[in-house]
Amino acid sequence: MAEPEPGAPPPERRETLRLFFALWPDEVTRDALNRAGKWLHQHWGGRRTRADTLHITLAFLGSTPTGQLDALLACGDAVAAGRFELVLDQAGYWRHNRIGWLGASQTPTQHVELVEALNAALRASDFSVDPRPHVPHVTLLRNSRGGDVPNCEPVRWSVADFVLVRSVTDPEGAHYEVLRRWPLA
Ligand code: ATP
Ligand code: MG
């Protein structure tokens, strides 16, 4: 085996983690989202998201060296934002990736402020931030055919915290580990 470069970080510092910041539902919200997934599946088909993986991505980091984890946790610490209620009342479909999702017809100001605070902290620490506008959504269906947009029963989510999540890809698909949770004021 090749010798490590002089001054190279030890192997564990070179490993990467697939990471993202997210809203993670409490049990009651998760059940409601899971029911919404069953309902949308009846309309649009596809593969339903497993209940224990339902979430809203706030900021996607992707593959991140483990050595940057502390800096990322500090970004979470730097965010000051308030609690809010998110009303998910709109089914949506993206043709390009065949995803069926649940979103909000009205995005609360506090949600926008939370995403902006997070992105500002990430940028200040030189993490790259997705330049596309953020569309809050819960992915409910993959490989779905879509169709007419049915009226849906709104899911009311009292958002009291946000999390940093590790995504691990295994043969059955991605599973997630919540690494840290930050309460909102
Ligand atoms: P899989 O990719 O195995 O089907 P997944 O999409 O749930 O599963 P990841 O690809 O690790 O798992 O993504 C984790 C979260 O980040 C998901 O909510 C996903 O929609 C979002 N995400 C993934 N890639 C990006 C990206 N390039 N930009 C923004 N969000 C992303
Ligand atoms: Mg993915």
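Counting convention: from 1, in listed order, for ligands and their atoms alike.
For atom 31 (C) of ligand 1, the closest non-hydrogen atom on the protein side is F60 CG, 3.4 Å. For atom 12 (O) of ligand 1, the nearest non-hydrogen atom of the protein is Y176 OH, 3.4 Å. Atom 8 (O) of ligand 1 has its closest protein heavy atom at A174 CB, 3.5 Å. Protein heavy atom at the shortest distance from atom 14 (C) of ligand 1 is F20 CE2, 3.5 Å. Counting only heavy atoms of the protein, atom 28 (N) of ligand 1 lies nearest to R132 NH2, 3.3 Å. Here the protein heavy atom with the shortest distance to atom 10 (O) of ligand 1 is R18 NH2, 2.7 Å. Summary of contacts: the protein heavy atom closest to atom 15 (C) of ligand 1 is T57 OG1, 3.4 Å.
With a 6.0 Å radius and a threshold of 12 heavy atoms from other residues, nucleotides or ligands, N97 has its CG atom above the threshold. Open room surrounds CG on D148; 12 or fewer heavy atoms of other groups in view lie less than 6.0 Å from it.
In this structure, A91 and L102 approach most closely via the heavy-atom pair N-CD1, 4.2 Å. The two atoms that bring T64 and F127 nearest to each other are CG2-CE2, 4.2 Å, heavy atoms only.
Judged purely by atom type and a 3.5 angstrom limit, H43 has no side-chain atom pairing as donor or acceptor with the backbone of H41. No side-chain donor-acceptor contact under 3.5 Å links H111 to the backbone of F84.
At a 4.0 Å heavy-atom cut-off, ligand 1 does not touch H137 at all.
For atom 24 (N) of ligand 1, the protein comes within 4.0 Å by at least one heavy atom.
Under the 3.5 Å distance criterion, with hydrogens and angles disregarded, a donor-acceptor pair is assigned to the side chains of N143 and R98. Between T53 and H55, the side chains place no donor N or O within less than 3.5 Å of an acceptor N or O (distance only, hydrogens not considered).
For ligand 1, the atoms closer than 4.0 angstrom to any heavy atom of D130 are 28 (N), 29 (C). Close approach of ligand 1 to S167 is summarised as follows: ligand atoms under 4.0 Å from at least one heavy atom of the residue are 9 (P), 11 (O), 12 (O). Atoms of ligand 1 found under 4.0 Å from any heavy atom of H55, numbered from 1 in the order shown, are 15 (C), 17 (C), 18 (O).
The one candidate from T29, V155, L54 that meets the side-chain contact (heavy atoms from CB on, under 4.5 Å) condition with N34 is L54.
Distances between N or O atoms of T169 and those of ligand 1 include no value under 3.5 Å. When only interatomic distances are considered, the shortest N/O to N/O separation between R142 and ligand 1 falls below 3.5 Å.
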